[in-house]
Amino acid sequence: MKKVLTTCTYCGCGCNFYLQVRENEVVGVYPSKEHPISQGILCVKGWNVHEFINHPARLKTPLIRKNGELVPDTWEAALKLIEVRLNSIRKESGPDALAFLSSAKCTNEENYLMMKLARAAAGTNNVDHCARLCHASTVAGLALAFGSGAMTNSINEIEDCDVILVTGSNTTEQHPATGNRIIRAVDKGARLIVADPREIPLVKYACLHIRQRPGTDIALFNGMMKVIIDEKLLDEEYIELRTENIEELKKIVDKYSLEYVEKITGVPAADIKKAARLYASSKKASIIYSMGITQHTCGTDNVLTLANLALLTGHVGFPHSGINPLRGQNNVQGACDMGALPTVFSGYQALSSEDVRKKFAKAWGVDKLPDKAGLTVVEMINAAAEGKLKALYIMGENPMLSDPNTEHVEVGLKKLDFLVVQDIFLTETARLADVVLPGTSFAEKDGTFTNTERRIQRVRKSIDPVGESIPDWQIILKIAKLLGYDMHYDNPSKIMEEIASLTPIYGGVHFDRLKLFGLQWPCPNREHPGTQFLHREAFSRGKGKFSPIEHTPPAEEPDQEFPFILTTGRMYFQFHTGTMTRKTSQLHREHPEGYVEINPADAKALGLRGNCQVKVSTRRGAVITRAQVSTIVPEKIVFMSFHFAEAAANRLTNDALDPKSKIPEFKVCAARIEAVR
Ligand SMILES: Nc1nc2c(c(=O)[nH]1)N[C@H]1C(S)=C(S)[C@@H](COP(=O)(O)OP(=O)(O)OC[C@H]3O[C@@H](n4cnc5c(=O)[nH]c(N)nc54)[C@H](O)[C@@H]3O)O[C@H]1N2
Ligand SMILES: Nc1nc2c(c(=O)[nH]1)N[C@H]1C(S)=C(S)[C@@H](COP(=O)(O)OP(=O)(O)OC[C@H]3O[C@@H](n4cnc5c(=O)[nH]c(N)nc54)[C@H](O)[C@@H]3O)O[C@H]1N2
Ligand code: SF4
Ligand SMILES: [Mo]
């Protein structure tokens, strides 16, 4: 049997494993013992990653819609149709009538080509991807505070922290390899504070569980900062030397007395004090956060508030101390780094800079590049619904299940003149397309993924493409050509050479340097060993900046008609829209259907028994699902995952956006629960 070392396609931890191959079929997997993250361990998704690769439902040929039905056809016919339709729409309505969704499941090289396709070939900045639904607020917030929007430390540093504050991250279920380091740290004596409305598995290891009401994190952390300032636990020397704007922060925070904070958050004053003292008085203190912080209309402000807390106590810029947004998808860090975003090129080089535009235009051999900021994910759907966006090209995303307010998404997608979906399975979104193109899975291509700790790692081809599928990077080259723009690369390493030449933080990244451990950016040149933690002596922007932030309530709050707060997220055994995990028997068996978690007191008041059918409704829609009666959720708060099309949580969610980062409020909306009799 052949074995091929590669990087996991599920979460952002970036474990490495060997795929076992027999006769062009991936039949097994085992972890790499030498790899810094895997260390011989995988989570259940990693151990079962081989099953979907050769699943019979893989897309094996292009599909074209004929008389309302998607039917198999040749690549030639599919590409011809795309050529005619995209060019005529561009001619009639201009380049901004086209938009492109890139993919955090795909490689860096593919994401780079996708943004090049949008900008150089189609002539629009309408390019974005699921980071908009995920850590857009991190990228915006941390760039303002520190100058760089990525995890400041490395996963292995967590193990030697004194104090870890985990908020809005269900780490053991969603980033298992990272959760494992938190547990190891607690075993070694670290104190763990969990601030999460739900009783997540990590709570077992915590010395303190703060259960704030969803959407009240700013008040909570401002309250902690007030204790720190009042009790003089702040790091005066660090503040003086490395930060600016402290006075502005102090003015705002002063208002957040513990009584006031308790009223907003529901958290007892004593707990806030305890958390503040623990966090401020330890030397090696790390904040770990994820979607519970980012997916709010105040998402960027939440991130800025955490940055304030870390700056106030001098807890950034050292090993083990920092702010660590856990990036979700296997390559969402990379898709952002590659500039698959509507306002930046690769390496976060701003579109608004004429010098940057000229640099890319010259390298790409075009006269000029569009300078108008493009549309974000939800804005694309809105523009489609308004008839302004005519064509959408989606690679490796499933917005029919993953975007907020599904009914509206469906209206938008159906209104488009032309929809192309490039995926490995026939998803709910692909079913609406005019043309479906079969890409290949991570097992059938070469390239790189960048994990959550900025580690650029190799993805290696282990089998030939399934059926007539083609690696996504090669498909993009074909699409560029039919839009009249030629790109030539023999293989993905050549694409990385171009990325390195145009992207300072990836300047020293070359395939021949990415052996067992990869390289962590910034890595500016060939001799540079990569960077374990950020902001060592100075912040990327110079000084760390405090921002005065006020609590703002969520866009929708419970009332008489919709008395519950609905918050949504994930489960250990399933991944996102289930395209891969629901085709993996070991995973699906463990968690075959969705449910709504509801507190026993609420269940009793509504006359619900465990496992009974309930209707969950919001102002956007309703779904029928099963009640999981559990103290994991507090009273008046219910939780659903968005993995299941049959009870799709996003039929319910609110598409209200954070004005600063355009991330939707997946974590709070008002809902009603009724028994189905
Ligand atoms: N098994 C599995 N793993 C995954 C994924 C998957 O689908 N399945 N997806 C990957 C991706 S792309 C991502 S982004 C990550 C996401 O990883 P996480 O962010 O860890 O996952 P979520 O379940 O979305 O939400 C995390 C927590 O936020 C809490 N929360 C809800 N509201 C609030 C609030 O107002 N404030 C605070 N502080 N917390 C709140 C929830 O109770 C939940 O425990 O997971 C990645 N890993
Ligand atoms: N209610 C609610 N909704 C949410 C969230 C939430 O917490 N609550 N979280 C949001 C977050 S954080 C995220 S990241 C998004 C995720 O949203 P999406 O990215 O839309 O979800 P996925 O199911 O991961 O979609 C990835 C698609 O890529 C395909 N694919 C896999 N590998 C390849 C490949 O190599 N090539 C190609 N071409 N396709 C491939 C898969 O089959 C799948 O259809 O969901 C968001 N939606
Ligand atoms: S922890 Fe994440 S990267 Fe590691 S095996 Fe599990 S899903 Fe894959
Ligand atoms: Mo995500």
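Just so you know, ligand 1 is whichever comes first in the structure, and atom 1 is the first atom listed for that ligand.
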Option passing side-chain hydrogen bond (donor to acceptor under 3.5 Å, both in side chains) with His588 (candidates Lys583, Glu51, Gln574): Gln574

Phe642 ring center within less than 6.0 Å of His576 ring center: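 Aromatic pair counts; centres sit under 6.0 Å.
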
Under 3.5 Å: donor-acceptor pair, side chain of Asn16, backbone of Ser32: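 No, the answer is negative, given that no donor and acceptor are paired below the 3.5 Å cut-off.
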
Residues which pass salt bridge (charged side-chain N to carboxylate O under 4.0 Å, His left out) with Arg198, listed by chain and number, not counting sequence neighbours: Glu597

Polar side chain donor-acceptor pair, His175 to Thr178, under 3.5 angstrom: no

Side chains of Asn108 and Thr450, donor plus acceptor under 3.5 Å: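 A donor-acceptor contact under 3.5 Å links the two side chains.
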
Around atom 2 (Fe) of ligand 3, number of protein N/O/S atoms which are nearer than 2.8 Å: 1

By ring-ring contact (aromatic ring centres under 6.0 Å, His included) - contacts of Tyr572 (at least two apart):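 Once residues adjacent in sequence are excluded, Tyr572 has no partner under the ring-ring contact (aromatic ring centres under 6.0 Å, His included) criterion.
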
For ligand 1, the residues whose heavy atoms come within less than 4.0 Å (ordered by chain, then number):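 Around ligand 1, where the cutoff is 4.0 Å for heavy atoms, the contacting residues are Cys11, Lys45, Cys134, Thr167, Gly168, Ser169, Asn170, Glu173, Gln174, His175, Ala195, Asp196, Pro197, Arg198, Ile200, Gln212, Pro214, Gly215, Asp217, Ser290, Met291, Gly292, Ile293, His296, Gly328, Gln329, Thr567, Gly569, Arg570, Met571, Tyr572, Gln574, Phe575, His576, His643, Lys667.
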
Plane angle bin for His591 and Tyr595 - parallel if under 30°, tilted between 30 and 60°, otherwise perpendicular: parallel

Aromatic ring pairing Tyr279/His315, orientation class (parallel under 30°, perpendicular over 60°, tilted between):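 Because their plane-to-plane angle is over 60°, the rings of Tyr279 and His315 count as perpendicular.
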
